[in-house]
Every structure is written in structure tokens, then in C-alpha cells.
> 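Could you have a look at this structure, given as C-alpha cells, before my questions?
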Number of protein chains: 2
Amino acid sequence: MDLESAEPIYIQLQHQIIEGIAKKKLLPGDSLPSVRSLASDIGVNLHTVNKAYKQLKQDGYILIHRQKGVVVNPEGVPKADNSYRELLAKNLRPYIAEAVCRGFTEEEFIQTCKQIYSNFNERGE
Amino acid sequence: MDLESAEPIYIQLQHQIIEGIAKKKLLPGDSLPSVRSLASDIGVNLHTVNKAYKQLKQDGYILIHRQKGVVVNPEGVPKADNSYRELLAKNLRPYIAEAVCRGFTEEEFIQTCKQIYSNFNERGE
DNA sequence: ACATCTGTTATAGTTATAGTATAACAGATG
DNA sequence: CATCTGTTATACTATAACTATAACAGATGT
């Protein structure tokens, strides 16, 4: 966590949890710290953590049983649908436009993606 | 231009100009509207346009000859270097983590990228 | 010379977002 | 019944985005 970053803390938190799920360090059913304990752990306010959890819940990454706490979605994360695909393409567009301008070829770009993918698919970590 | 978007106007402007260069609708040496005329065209303040131009200049997309106005870099956009590659990977990471969680495979992801690339490489548009 | 265009800078104000600080509520647990 | 949970409400500060004017300095055209 970088509290000095331009990236909002609650966004960094979301990314970190999503990465944890992608890397299978967080498995379906695993429980996450309460908003209060996590907030105190990383030294931020309760609401900042709550904001991250709220969004993750909305996106189907986690479930929240009032008193039992926060749990990684036991059903797994909702599969990619059309609206996801559209949003992804919209988000990637500016990066690819910049790559084209800088002479960063399709092959190089794909190689970069593959390398990142491999970070998440390493088994037995 | 979507003045209602959560995406800041000056960012949208940057993206649009970068896309123009990527699609070769804007060629090296082409001149762009003055900050004032562009601002009045899209109905925003002079400073909003200036902020976008400033960043584009910093990134080497455009040159600014005090009185001659704004011009697409005649030398072309600076080629991808290591710091660019690092930043790109850092930026792509969250999108790929999400894709992994949603069962969006590497092949599908790459297919998405290729399709976007093809939008920029279409000749004779 | 002079008006006019250019990018640039400065100042000030508004609005929205991010984050903090408390407090309280409601359901579940021990 | 105290304590933990997520949730909600309110209020405050700091910062970013945007707007509104105004002015400056260099170049151009008449």
C-alpha cells in the first residue's frame, strides 16, 4: 500500500484483493479482515476500506454476511459477459493508441500481456 | 467529447489527439487548433485545453512554437523505452488480474487487443 | 506603429472526490 | 448483556478538475 500514490487508497485496495484472487492466494470461501481491523492494520479510516469492499461486493468478488464478515465469493467471480468485454476494450483503447504512436508493435504488446498473465498462472506458489 | 463523463475533460482530449495520431488522421507536422479556438469549439475553458496540450507536449506528442501554434511532433512520437514499458505493464496489470478472475482467457484477451490494434492499422481511411 | 493572434502565467472561485473523524444502529455471538 | 460485525449518517479537511478573468510576451499582418 502506497499512501502517497496518486492512485486512491480504496482503488489500490481493490486491485490488491483482485490480484490475490487471481493468484489464488485468496480462494472462494476465504474470509477477509473486517473493515475495522483492516483499516487499523494499514492505518487508514474505516470508510476507506468500506468503500473498497462495497465496490468489490457490487462486482461480485466478495460476499458480506452481516455478522460473519467478508468472504471471497464461494461461487467464484462472475464470468466475463458482454458488458465486461465492452468496458475492457474501452479501457484498453488508450493504451494501445499510445503504443501504436510509440512504435510499440502488436507482437511486443501481446508479449507484455502474456508475461503478466504468466504472473497469475504460476502454479504452486 | 463527453462533458458528463467521470473521465476528466483534459484526459479525454489527450486520448482523442493520441488516437488521431495513431490512426494517422494527424500526421507529423500537422497543426492543431489554438487553445482558445479549441476551447471555444468544444465549449470548455482555455485552461482545460492548455492542460491537455501541456501534458501532450511533455510526452513528446506535440511541439509548441510560441506564436506559430501547436504542431504534431515532426520527428514523430518518441519511441517506446524501458520506462514506458514498465509503466505500461503496471497499468495493464489490474486489467489482466480482473480478466483472470473472470475466466477471460489469455487467448481471448489477446484477441481483444488484436482487434483494437486493427482499428489503428487500417490503411486508407 | 498598432491591433491581433499566439502560448503562458497568475489569481480566484466553484464543484466534486478522497479521506478522516465520530457517532450511532442492527443483527449475531459468546 | 457486552462485544463483534457491516452499515449508515454527519461533518470536516484537502485536493483535483474546471471555470472565469486578466495580464504578459513574442510574432504576424496591415
Side-chain angles (χ1 to χ4, degrees), chain A residues 1-18 21 26 28-75 91 94, chain B residues 1-18 21 26 28-75 91 94:
Chain A
M1 296 293 316
D2 179 10
L3 304 186
E4 308 304 318
S5 166
E7 192 97 43
I9 301 172
Y10 76 97
I11 299 282
Q12 293 181 49
L13 258 174
Q14 286 179 40
H15 287 168
Q16 207 156 318
I17 292 171
I18 293 174
I21 298 176
L26 292 173
D30 282 0
S31 55
L32 278 70
S34 74
V35 287
R36 286 177 176 82
S37 66
L38 181 51
S40 110
D41 276 1
I42 60 184
V44 300
N45 190 273
L46 159 167
H47 290 99
T48 305
V49 175
N50 194 49
K51 195 168 180 177
Y53 276 1
K54 213 170 175 177
Q55 186 65 46
L56 288 169
K57 173 186 172 190
Q58 164 119 14
D59 294 340
Y61 289 97
I62 62 179
L63 293 186
I64 298 177
H65 303 84
R66 193 83 188 197
Q67 294 320 316
K68 294 161 191 163
V70 182
V71 171
V72 178
N73 194 339
E75 314 279 330
N91 288 332
Chain B
M1 295 294 316
D2 178 10
L3 303 187
E4 308 304 317
S5 166
E7 192 97 42
I9 301 171
Y10 76 97
I11 299 283
Q12 293 181 50
L13 258 174
Q14 284 180 41
H15 287 169
Q16 207 156 317
I17 291 171
I18 293 174
I21 297 177
L26 292 174
D30 280 3
S31 54
L32 277 70
S34 75
V35 287
R36 285 177 176 83
S37 66
L38 181 51
S40 110
D41 276 1
I42 60 184
V44 300
N45 189 274
L46 158 168
H47 289 99
T48 304
V49 176
N50 194 48
K51 194 169 182 179
Y53 276 1
K54 213 170 175 178
Q55 185 66 46
L56 288 170
K57 174 188 172 188
Q58 164 118 13
D59 295 340
Y61 288 99
I62 62 179
L63 294 186
I64 300 179
H65 303 84
R66 193 83 188 198
Q67 294 322 316
K68 295 161 192 165
V70 182
V71 171
V72 177
N73 193 339
E75 314 279 329
N91 287 332

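None of these values were measured; they are calculated from a predicted model. Letters A, B, ... mirror the listed sequences (proteins, then strands); counts begin at 1.
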> If you round to the nearest 0.5 Å, how far is CG of A:Leu13 from NZ of A:Lys51?
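That separation rounds to 12.0 Å.
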> Between atom CG in B:Leu38 and atom C1' in C:dG7, what is the gap in whole Å?
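That distance rounds to 14 Å.
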> Starting at the 5' end of DNA chain C and moving along, which residue's nearest nucleotide shows up first, A:Ile9 or A:His47?
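With A:Ile9 and A:His47 compared, the 5'-side residue is A:Ile9.
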> Compare the minimum distances between each of C:dG7, D:dT5, D:dT19 and the side chain of B:Val44, then state the nucleotide with the smallest one.
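It is D:dT19.
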> Closer than 4.0 Å, any side-chain N/O of A:Lys51 to the OP1 or OP2 of C:dA18?
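The answer is yes; a side-chain N or O of A:Lys51 sits under 4.0 Å from OP1 or OP2.
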> C:dT17 P sits how many Å from A:Ile11 CD1, rounded?
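It works out to 13 Å between those atoms.
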> Among D:dG6, D:dT19, C:dT20, which nucleotide sits nearest the side chain of A:Val35?
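Closest of the options to the side chain of A:Val35: D:dG6.
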> Has A:Asn50 got a side-chain N or O lying under 4.0 Å from the OP1 or OP2 atom of D:dT7?
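A:Asn50 to D:dT7 OP1/OP2: side-chain N or O found under 4.0 Å.
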> B:Tyr53 near the nucleic acid: base, sugar-phosphate alone, or nothing, with a heavy-atom cut-off under 4.0 Å?
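Touches nothing.
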> Give the nucleotide from the list C:dG7, C:dT8, C:dA18 with an atom nearest to the side chain of A:Pro8.
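Ranking C:dG7, C:dT8, C:dA18 by closest atom to the A:Pro8 side chain puts C:dA18 first.
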> Look up atom CD in B:Glu4 and atom CD1 in B:Ile9, then write down how far apart they are to the nearest 0.5 Å.
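Answer rounded to 0.5 Å: 9.0 Å.
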> If I take atom NE2 in residue B:His65 and atom C1' in nucleotide D:dT28, what distance separates them, rounded to the nearest angstrom?
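Going from B:His65 (NE2) to D:dT28 (C1'), I get 16 Å.
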> Should B:Tyr10 be listed as having a side-chain N or O under 4.0 Å from OP1 or OP2 of D:dC18?
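Indeed not, no polar side-chain atom of B:Tyr10 lies that close.
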> Are any of the side-chain heavy atoms of A:Asp2 and A:Gln12 separated by less than 4.5 Å?
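Counting from C-beta outward, A:Asp2 and A:Gln12 do come under 4.5 Å.
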> Could you check how far CG of A:Leu32 sits from C1' of D:dT5, rounded to whole Å?
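That distance rounds to 14 Å.
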> Under 3.5 Å, is there any donor-acceptor pair linking the side chain of B:Arg36 to the base of C:dT8?
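Yes, a donor-acceptor pair under 3.5 Å.
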> Which nucleotide sits closest to the side chain of A:Val70: D:dT8, C:dT8, D:dG6?
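Given the options D:dT8, C:dT8, D:dG6, the side chain of A:Val70 is closest to D:dG6.
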> Give the rounded distance in Å between these two atoms: CD of B:Glu4 and C1' of D:dA17.
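Rounded to the whole Å, the gap is 14 Å.
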> Stem list for DNA chain D, please, built from Watson-Crick and G-U wobble pairs under 3.5 Å and keeping only runs of at least 3.
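Runs of three or more consecutive pairs: C:1-5 with D:26-30, C:7-25 with D:6-24, C:27-30 with D:1-4.
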> Could you check A:Leu46 against A:Leu3 and say which one's nearest nucleotide on DNA chain C is further toward the 5' end?
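Final value for this comparison: A:Leu3.
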> Do the non-hydrogen side-chain atoms of A:Ile18 and B:Pro94 ever get within less than 4.5 Å of each other?
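Counting from C-beta outward, A:Ile18 and B:Pro94 never come under 4.5 Å.
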> Output the rounded distance in Å from CG (A:Leu56) to P (D:dG6).
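These atoms are roughly 13 Å apart.
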> Could you check how far CD of A:Gln58 sits from P of D:dG6, rounded to whole Å?
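My rounded result for the distance is 18 Å.
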> To the nearest Å, give me how far apart CG (B:Leu13) and C1' (D:dT19) are.
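After rounding, the reported distance stands at 15 Å.
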> Looking at side-chain heavy atoms only, is the closest gap between A:Lys54 and A:Lys57 below 4.5 Å?
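Counting from C-beta outward, A:Lys54 and A:Lys57 never come under 4.5 Å.
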> Closer than 4.0 Å, any side-chain N/O of B:Thr48 to the OP1 or OP2 of D:dT19?
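Answer is yes, contact under 4.0 Å.
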> Using side-chain heavy atoms (C-beta onward) and a distance below 4.5 Å, is A:Val72 in contact with A:Ile17?
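Answer no - side chains too far apart.
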> With respect to the side chain of B:Asn45, which nucleotide from C:dG7, D:dA20, D:dT7 is positioned closest?
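Taking heavy atoms from C-beta onward, the closest nucleotide is D:dA20.
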> Sequence neighbours excluded and cut-off under 3.5 Å, please list the side-chain donor-acceptor pairs for residues 30-41 of chain A, or say none.
{"residue": "A:Asp30", "atom": "OD2", "partner": "A:Leu27", "partner atom": "N", "Å": "2.9"}
{"residue": "A:Ser34", "atom": "OG", "partner": "A:Ser37", "partner atom": "N", "Å": "3.1"}
{"residue": "A:Ser34", "atom": "OG", "partner": "A:Ser37", "partner atom": "OG", "Å": "3.1"}
{"residue": "A:Ser37", "atom": "OG", "partner": "A:Ser34", "partner atom": "N", "Å": "3.3"}
{"residue": "A:Ser37", "atom": "OG", "partner": "A:Ser34", "partner atom": "O", "Å": "3.2"}

> Tell me if a side-chain donor or acceptor on A:Asp59 pairs with a main-chain N or O of A:Tyr61 at a distance below 3.5 Å.
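It does not hold such a pair.
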